[in-house]
Number of protein chains: 2
Amino acid sequence: MVRAERKKLKEAPEKTTRIQEINRRLILDAALDVFSTYGFRGTTIDQIAERAGMSKPNLLYYFPRKQNIYVTLLEETLAEWLAPLAEIDAEGDPIEQLRNYITLKINMSETHPEASRLFANEVLHGAPAISDFLSKYLKPLVDEKAAVIRRWVGEGKLAPVDPYHLIFMIWATTQHYADFDVQVRAIMGSQVGRPGFKEQTAQAVLSIILNGIRPRD
Amino acid sequence: MVRAERKKLKEAPEKTTRIQEINRRLILDAALDVFSTYGFRGTTIDQIAERAGMSKPNLLYYFPRKQNIYVTLLEETLAEWLAPLAEIDAEGDPIEQLRNYITLKINMSETHPEASRLFANEVLHGAPAISDFLSKYLKPLVDEKAAVIRRWVGEGKLAPVDPYHLIFMIWATTQHYADFDVQVRAIMGSQVGRPGFKEQTAQAVLSIILNGIRPRD
DNA sequence: CTGCATTTTGACCAACTAGTCAAGTTTTTG
DNA sequence: CAAAAACTTGACTAGTTGGTCAAAATGCAG
């Protein structure tokens, strides 16, 4: 009896085996594709399992609930998605810092559009799985950077502008190209795929926003 | 026999009765709320029926398929949603025209956020129900207005800017407040509900975009 | 190589949901 | 006001889907 209990306790550290590592990765990669396209409700476990190349019960062996996959995916993605914001340097040149931030976001929209869509879908539906994250992690971070921008405005390094709305505008504009990709393609056609498109987009967005917030005489 | 056929032909004009008009309206209003919150897959006919105050079979008497409600709703909404774009006047003052367009869009985002979310959700999921609409109706309209903006740029009335990206930026920025409402609230808290919030938003958005595209010496 | 732990899966179940149907009720019309 | 048309609904069906389970297959430590 005591032995048995000790055994169970030993398992507590939850060591992950090689196979676990591989399969969890396979599942999460597959799930990102499917969830970002069809949303949480629109995705079936079977779809994810098939794309991950395993049976449904096997998938459920690694993630006992559909929710688990979804939440794990969101958590994994969000930190990465927000990293560029944290890097804005209060001591740097304001225009340069914002130019860099916008450029990073446009790049991410092109290289990881699924992550953007996963997040957009979640927020659009009221953020049931990440409302805690929004208030506990995102809000403080945004507050901090908003304070930085407000200081820059106070020092006359930027035109007077509400920092929160500026941040929203940057998010909205950059993520638009990932989230509304179908619409952008319907309107701009074959241009979207072409080599220089990302640079052209960045140039247009940067031009408008940076000129919009540059201090005026 | 001939009589019977004539009778059927007579029904062809599909006259709508008073009750039909009332109930279709009740259903579409209820459906907008539910679809815009939970998406197509996430919405059940029972939910819509309950909110519309009738039984499910009764609802299905008016719209035989769930799809029918959804598509009708999208068609009804989109025309209204795009109307402001069509009103941009090539002969007017560029800055004034765009100021008016942005203001209208921000107002719509506040008064009809469900419409924006319904559309956002559809496009986010690849626009399966409205890809025709995008290419046949939206694209020509945008092409037309893009040509107007390009002319304005050519005449030196606007800073050199890609008209398509400018339009995307206006869409993204204004609709962000409807589509990402939960996130905006999580960050700006009680300010969002307050009386002057819409005006403050409009002021910030207008200030950045208009200064960003105003011709520079 | 052996025995235990981990991994894998076919078969199954219960809950849910789009849509049907036949029988009733209400409204309209001649 | 009577008959026809329009409307309404309880009860049902068939298909889907999240999740279970027990038994088989595989991996691995000693």
Given atom [atom1] of [X] and atom [atom2] of [N], what is their separation to the nearest angstrom?
| X | N | atom1 | atom2 | answer |
| --- | --- | --- | --- | --- |
| A/Lys56 | C/dC12 | NZ | P | 14 Å |
| A/Glu50 | C/dT8 | CD | P | 17 Å |
| A/Leu59 | D/dC21 | CG | P | 18 Å |
| B/Tyr62 | D/dC7 | OH | P | 5 Å |
| B/Ile22 | C/dT27 | CD1 | C1' | 12 Å |
| A/Asp46 | D/dG18 | CG | C1' | 9 Å |
| A/Phe63 | C/dT8 | CZ | P | 13 Å |
| A/Tyr61 | C/dT8 | OH | P | 8 Å |

* To do: Can you label the angle between the A/Phe168 ring and the A/Trp171 ring as parallel, tilted or perpendicular, going by 30° and 60°?
  => tilted

* Taking N and O atoms by type only, does the side chain of A/Lys66 place a donor or acceptor under 3.5 Å from a partner on the base of D/dG19? -> no

* Ring centroid separation for A/His165 and B/Tyr177, is it under 6.0 angstrom? -> yes

* Residue pair B/Tyr164 / A/Gln191, side-chain donor-acceptor N/O under 3.5 Å -> no

* Between A/Asp132 and A/Tyr137, do the side chains contain an N or O donor and an N or O acceptor separated by less than 3.5 Å? -> no

Nearest to the side chain of [X], heavy atoms from C-beta on, is which of [options]?
| X | options | result |
| --- | --- | --- |
| B/Thr44 | C/dA18, C/dG10, D/dC7 | C/dA18 |
| B/Ser55 | C/dT7, D/dT9, D/dT17 | D/dT9 |
| B/Asn58 | D/dC7, C/dT7, C/dA18 | D/dC7 |
| B/Thr17 | D/dA6, C/dT8, D/dG18 | D/dA6 |
| B/Arg18 | C/dT6, C/dT27, D/dG18 | C/dT27 |
| B/Pro57 | D/dC21, D/dT9, C/dA18 | D/dT9 |
| A/Gln20 | C/dT7, C/dT9, D/dT8 | C/dT7 |

Can you see if the side chain of [X] gets near the phosphate of [N] - specifically, an N or O under 4.0 Å from OP1 or OP2?
| X | N | value |
| --- | --- | --- |
| A/Asn23 | C/dT6 | no |
| A/Arg24 | C/dT7 | no |
| B/Arg65 | C/dT20 | yes |

* Structure fact -> Of all heavy-atom pairs linking A/Lys66 and A/Arg41, the shortest is NZ-O, 4.0 Å

* To do: Select base, sugar-phosphate, or nothing to describe what B/Leu60 touches, counting heavy atoms under 4.0 Å on all strands.
  => base

